Amino acid sequence: MNKNVKLLYCILGSAVLALLNTPILGYAKLGIFKGGYGGHILGELLVRITDLVSLLGFILLIIFSIALILSNIKFNTKQK
């Protein structure tokens with residue numbers, strides 16, 4: 001059970017990373033630049049980094065979900 005809890009925490013963290021590009025969080029990350037982020041090199045860099053982190057979150061979410069499913073499948077080699 002302890003392994004399942006750790007995997008669930010990993011899934012929760014990955015989901016937060018994957019949701020980084022939602023409109024709710026998008027306004028928060030781009031609101032620090034007055035007049036928009038288009039004129040700032042740091043704004044463009046911030047958008048690219050959050051895109052990559054969000055993609056990494058989706059990939060980790062898939063990996064940890066598959067790991068949780070596989071850890072809970074009982075492989076019975078003996079059939080009665």
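From a predicted model like this one, the values you see are computed outputs, not experimental measurements. The basis for the numbers below is simple: all heavy atoms, side chains too, and nothing from hydrogens, waters or symmetry mates. If you read the sequence from its start, that first residue is 1, and numbering goes on from there.
Residues Asn4 and Leu68 approach most closely at OD1-CD1, 3.6 Å, considering heavy atoms. Contact detail for Leu60 and Ser14: the closest heavy-atom pair is CB-OG, 3.4 Å.
Atom CG of Leu12 is separated from atom CG of Leu7 by 12.5 Å, given to the nearest 0.5 angstrom. Summarising the geometry, atom CG belonging to Leu42 is positioned 9.5 Å from atom CD1 belonging to Ile49; distances are rounded to the nearest 0.5 Å. A distance of 11.5 Å separates CD1 of Ile62 from CD1 of Ile11, quoted to the nearest 0.5 Å. To the nearest 0.5 angstrom, Ser65 atom OG is 9.0 Å from Leu8 atom CG. Taking CG of Asn72 as the reference point, atom CD1 of Ile69 lies at 9.0 Å (rounded to 0.5 Å).
There is a path of hydrophobic side-chain contacts, each under 4.5 Å, that joins Leu45 to Leu17. Hydrophobic clustering (ILVMFWY, side-chain heavy atoms < 4.5 Å, transitive): Leu61 and Val16 are in distinct clusters. Following chains of ILVMFWY side-chain contacts shorter than 4.5 Å, one cannot reach Leu19 starting from Leu55, and the two form parts of different hydrophobic clusters. Tyr9 and Ile63 are not part of a single hydrophobic cluster, where members link through side-chain heavy atoms under 4.5 Å apart. A single hydrophobic cluster is not seen to contain both Phe58 and Phe64; linkage of ILVMFWY side chains at heavy-atom distances under 4.5 Å, directly or through other members, places them apart.
For Ser54, there are no side chain to side chain donor-acceptor pair (under 3.5 Å) partners, not counting sequence neighbours.
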